[in-house]
Amino acid sequence: MAQLPPGFTTLSTLTTEPLKTPGINVIAMVCDKMEPTTTRKGDITMKFKLVDPSTQDTVSGGNGFAARFFYSQTMADTPKIAQLGDIIMLRGVKLGVYDGNRVLMNNKGNTQWSVFPIAGMPKGEYAVTYMGGKQELPSMRSRTTTTTSISLVEKKYILDLASRFDTLSHAFTRGAGSRVQPAHDPLAVRVSAVRGHDLDVIRVPAVRCHDHDAIRVPAEKRPASGPELNLERRKMQRPGESKKFRLISDIQDYTFADLCVEVVKKWEGDFGCELYVTDYTENTLLLYYKNPSESKDDFGRDGDPYSYTNGFKAGWPGPWGHRVLKVVCKPPHADVANAKVEVGAHVRLTNTKIRLNNVNMLEGTLWPDQRYPGKIYITVLSRGDLVEVQDIVERKRQYYATQSHEVEPVRDSATHDTANRTKSALKRSKKKAKKAAKEAEALAVKEAELEMALAPNQHTRCSDGTIPLSSIATILDSSGERHKEVLPNGRSLILPFVNTNYRAKVQVLDFQPALEDFAVVTDELEDDSMDLSIESSQRWEWNFTLLLHDAKKEGSNPEDCILVNVGHPQAQFLLGNDMPDPANLREQSMLLNKLREKMYILWGNLEEQKAAGADDMPSNRPFECCLSEYGVLKSGGKPENIFDWERQYMLHGLTIL
DNA sequence: GGTTACGGT
């Protein structure tokens, strides 16, 4: 551990220090906190708990050393702790007793604080650059009466403390009985632990970190920064925001629905264009398609799903079960369907009229818009429709993960016509060996070429090289293998998320929203602003989303892609210290240009390609980065309902040099 | 508002 800065006290010393000692200085990690509340007298009070290396192995230190601060009237002075794990530096606090226990208390105007958010903390080698003394630590928020800067020794100590997050955070799990409400932390902050409950009696969603044994329980609170904002913005863009958006599992007779679906089959009939579509959800009011193993008697003993061997008609390409809705497109939609929609495409169908037909099965029809007869209700979804496509693709992955390998479709066939697929399958079966050898050779050449073209990006740095590399498919874990939890009663469930970190070698495929909107205004007021005008009270934060895919993969197929949030601290870390604070990018063209230049290093010609409407793969180089998996409570969800939590990913540890 | 999960136009 780094040297304790002169004038500072360790937490263990405080257990023997005489009471009412004034002028105590402490640097420690926040392991528990309660949001500021108002006392009966009308004062503001807040409580938090601290750990440092001196307390981590002691029984009494296990729950952290309590601090209780009081303020009269205004919240403006209270320490702004973003999440558990933040490092707080306190000067001029005093020792008091509260409820019979020692606590640190503030001392009116004499107490100064600085908070160093763990989320933006440089790690590993990168931390060294901060030790030179010139660079300020990122995202520092403070309330000091003087403008004393942080000394080199203090900086070192703070960074060292932050680097011990994994060890110190074990203390976070012991606060289960505390009345203090732990904050939810997207970046794997440990909260109270429960284990061995039946699902029915689990009060809070339990998540298990794959590298630890303890079950972790996200607390009630939503993340205070980036992730929450990002979720909110994503929600705005989700198909679910459309009032009529329905999953196929939710459609009902005599309604109109907006659907986001994959086209499984297309038929240009006399009465319009029929689209057979799925979003990989089930609705028992749809026709049941038998899967190949169920219908083996229909096609001969071997259960050959595509009838490679007997030349009979091809079977249904899947998905099977009650998952496919027939939608009849009337003019003018039929013309668009015929011309633009291919089997395997993802489409949005607006205002689909849902009816039970004469054999009591649901089907959809797209009729002309009554007010604007030329209006088209079909939109082919593309890379730009990240969320919609991702949702379908993710459900597809999960669906096929439960199917046997024999019926799993060839990945890259998703964009091909079904008929072509079955025909080529037939051919393949005849010339299999010869073709396979040729293909393998071609593939090897192509991969070698790709290898040359995709040398790693020399202009990025990943702060943590210790986490083993994972593929995107592994991280997404569509089979649920790593998210499976077996309960003591033998039942098992797949957890919506686990708090854990990964490292991956990836490339950027897309981003969201437009670059001009990478900075968003937050509601939070700039608390030390003396200027009361609206503009100066607006606080801007970075907040955007990247679509990443495994390095070396080609094709614009969105499978094996991962949507990754970049919150404010992560973006600050990404963009580095020479990037000014975020502001309205639609007004600050200099800042926008600077951001554009930075991001170009990461994503190459992606922005230009998007602007040109090109759907080709962008040209950019792979890089390594850390991704953390976390959960957020769905809008309107109940924290105690495990399935009300949604899995999300956050980029971190990446810096563009 | 045509008829049924094919039809292979």
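Numbered from 1 within each chain, the chains take letters A, B, ... in sequence-line order. As a basis for the values below, the full set of heavy atoms in this structure was taken, side chains included, without hydrogen atoms, waters or symmetry mates. Predicted model only: the values in this text are computed from it and were never measured.
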Given B:dG7, B:dT9, B:dT4, identify the nucleotide with an atom nearest to the side chain of A:E274. B:dG7

Whole-Å distance separating the CG atom of A:N360 from the C1' atom of B:dT3: 15 Å

Considering only atom P, compute the distance from B:dG2 to B:dG7 and round it to an integer number of Å. 23 Å

Positions of residues 323-341 of chain A (non-hydrogen atom under 4.0 Å from DNA chain B), listed by number: A:K326, A:V328, A:K330

Of the options B:dT9, B:dG1, B:dA5, whose atoms approach the side-chain atoms of A:K353 most closely? B:dG1

Can you tell me which residue among A:K396, A:R348, A:R395 is in a salt bridge (charged side-chain N to carboxylate O under 4.0 Å, His left out) with A:E262? A:K396

Is any N or O donor-acceptor pair between the side chain of A:Y289 and the base of B:dA5 shorter than 3.5 Å? yes

Roughly, in whole Å, what's the span from CZ in A:F271 to C1' in B:dT9? 13 Å

To the nearest angstrom, the CE-P distance between A:M361 and B:dC6 comes to 10 Å

Run the ring-centre check on A:F518 versus A:F511 and record whether the distance is less than 6.0 Å. yes

Sole residue of A:V336, A:T352, A:I376 in side-chain contact (heavy atoms from CB on, under 4.5 Å) with A:L366: A:T352

Take the protein atom CG of A:L275 and the nucleotide atom P of B:dC6, then report the distance between them rounded to whole Å. 16 Å

For A:Q609 and A:E607, which I'm curious about, is there any donor-acceptor pair between the side chains at under 3.5 Å? no

Classify the nucleic acid contact of A:D270 as base, sugar-phosphate or nothing, counting any heavy atom under 4.0 Å across all strands shown. nothing

Suppose we call two aromatic rings close when their centres sit under 6.0 Å apart. Are A:W320 and A:Y289 close by that rule? no

Integer angstrom distance from the C1' of B:dT3 to that of B:dT9: 16 Å

With no hydrogens and no angle check, just 3.5 Å: does a side-chain donor-acceptor pair link A:H483 and A:D477? yes

Separation of B:dG7 atom P from A:W316 atom CH2, nearest Å, is 13 Å

Output the rounded distance in Å from CZ (A:R355) to P (B:dG1). 9 Å

Residue pairs passing the salt bridge (Lys or Arg N to Asp or Glu O under 4.0 Å) test with at least one member in residues 317-337 of chain A, sequence neighbours excluded, are A:E274-A:K326, A:E282-A:R323

Among B:dT4, B:dG1, B:dT9, the one nearest any side-chain atom of A:W367 is B:dG1

Rounded off to whole Å, could you give me the CH2-to-C1' distance for the A:W267 and B:dG8 pair? 4 Å

Base B:dG7 to side chain A:K265, donor-acceptor N/O within 3.5 Å cut-off: yes

Rounded to whole angstroms, how far apart are OH on A:Y276 and P on B:dG7? 11 Å

